[in-house]
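These notes are about the structure you will find just below.
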Amino acid sequence: MFLKLNHQDLEVYKSAKGLLIECYKFSKTLPDYEKFGMASQIRRAALSNVLNIAEGASRKSELERKRYYEIARGSVIEIDAAFDAAAALEYLNNYPIENLGEKLQSSFKLLTGLINSK
């Protein structure tokens with residue numbers, strides 16, 4: 001934010017930020033008793049996704065960069081698993097999930113593309 005660095009221009013970073021915002025919006029709709037459970041876990045995973053993309057983009061070594069992207073993709077998978085649990089618990093019933101699903105799929109695809117490139 002204060003430093004103008006290249007990761008901010010990456011499509012994968014923009015996608016991850018969009019997913020982060022959607023995850024925070026969704027987590028606000030969870031029951032109060034999930035505040036320190038599911039809501040916290042989803043938020044941490046979404047933030048971890050963004051942070052690992054930013055840190056990975058700063059690495060000079062391609063191997064090291066890809067490792068950060070793999071960790072970021074793991075966070076996306078963690079978010080998806082949390083949404084699966086949320087669906088089973090019927091927390092998604094009154095939430096418009098289309099945008100959330102699109103953001104999650106976009107982040108996963110972009111990260112997979114970066115990991116598999118070269």
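Scope of the values below: all heavy atoms of this structure, side chains included, with no hydrogens, waters or symmetry mates. None of these values were measured; they are calculated from a predicted model.
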When rounded to the nearest 0.5 angstrom, what is the spacing between [atom1] in [X] and [atom2] in [Y]?
{"X": "Leu110", "Y": "Ile115", "atom1": "CG", "atom2": "CD1", "result": "11.0 Å"}
{"X": "Leu51", "Y": "Leu20", "atom1": "CG", "atom2": "CG", "result": "8.5 Å"}
{"X": "Lys109", "Y": "Ser15", "atom1": "NZ", "atom2": "OG", "result": "10.5 Å"}

Pairs meeting criterion salt bridge (Lys or Arg N to Asp or Glu O under 4.0 Å) with involvement of residues 5-14, two or more places apart: Lys4-Asp9

Summary of salt bridge (Lys or Arg N to Asp or Glu O under 4.0 Å) pairs that have at least one residue in residues 21-35, sequence neighbours excluded: Glu22-Lys25

Presence of salt bridge, Lys66 and Glu62, under 4.0 angstrom: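 Salt bridge between Glu62 and Lys66, a charged N being under 4.0 Å from a carboxylate O: yes.
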
Lys/Arg N to Asp/Glu carboxylate O, Arg73 vs Glu70, below 4.0 Å: no

Donor + acceptor pair across side chains of Arg44, Ser48 (<3.5 Å):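 Looking only at side-chain atoms, Ser48 and Arg44 do not form any donor-acceptor pair under 3.5 Å.
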
Side-chain donor-acceptor contact under 3.5 Å, Tyr24 with Arg43: no

Mind checking whether [X] and [Y] have side chains closer than 4.5 Å, heavy atoms only?
{"X": "Glu102", "Y": "Asn99", "answer": "yes"}
{"X": "Leu111", "Y": "Val12", "answer": "yes"}
{"X": "Asn49", "Y": "Ser107", "answer": "yes"}

When you measure from the side chain of [X] to the backbone N and O of [Y], does any donor-acceptor pair fall under 3.5 Å?
{"X": "Thr112", "Y": "Phe108", "result": "yes"}
{"X": "Arg65", "Y": "Ala57", "result": "no"}
{"X": "Ser58", "Y": "Glu55", "result": "yes"}
{"X": "Ser117", "Y": "Leu114", "result": "yes"}

I need the minimum non-hydrogen distance between [X] and [Y], along with the two atoms involved.
{"X": "Ser75", "Y": "Ala45", "answer": "CB-O, 3.3 Å"}
{"X": "Ile71", "Y": "Asn52", "answer": "CG2-ND2, 3.5 Å"}
{"X": "Ala72", "Y": "Ile53", "answer": "CB-CG1, 3.8 Å"}
{"X": "Tyr69", "Y": "Leu10", "answer": "OH-CD1, 4.2 Å"}
{"X": "Ile42", "Y": "Ile79", "answer": "O-CG1, 4.3 Å"}

Proximity of Phe83 and Phe26 rings by center, below 6.0 Å: yes

Residue Asn93 excluded, over 12 heavy atoms near CG under 6.0 Å: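 More than 12 heavy atoms, drawn from other residues, nucleotides or ligands, come within 6.0 Å of this atom.
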
Path from Leu19 to Tyr13 over hydrophobic side-chain contacts below 4.5 Å: yes

Co-membership, hydrophobic cluster, residues Tyr33 and Met38, 4.5 Å side-chain: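 Yes, Tyr33 and Met38 fall within the same hydrophobic cluster.
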
CA sep, side-chain torsions, deciding dist, call: Val76, Leu104, side chain to side chain contact (heavy atoms under 4.5 Å, CB included): CA-CA 7 Å; Val76 173; Leu104 192 129; 3.9 Å; yes

Worked check of side chain to side chain contact (heavy atoms under 4.5 Å, CB included) between Leu100 and Lys103: CA-CA 5 Å; Leu100 192 56; Lys103 300 283 186 193; 5.8 Å; no

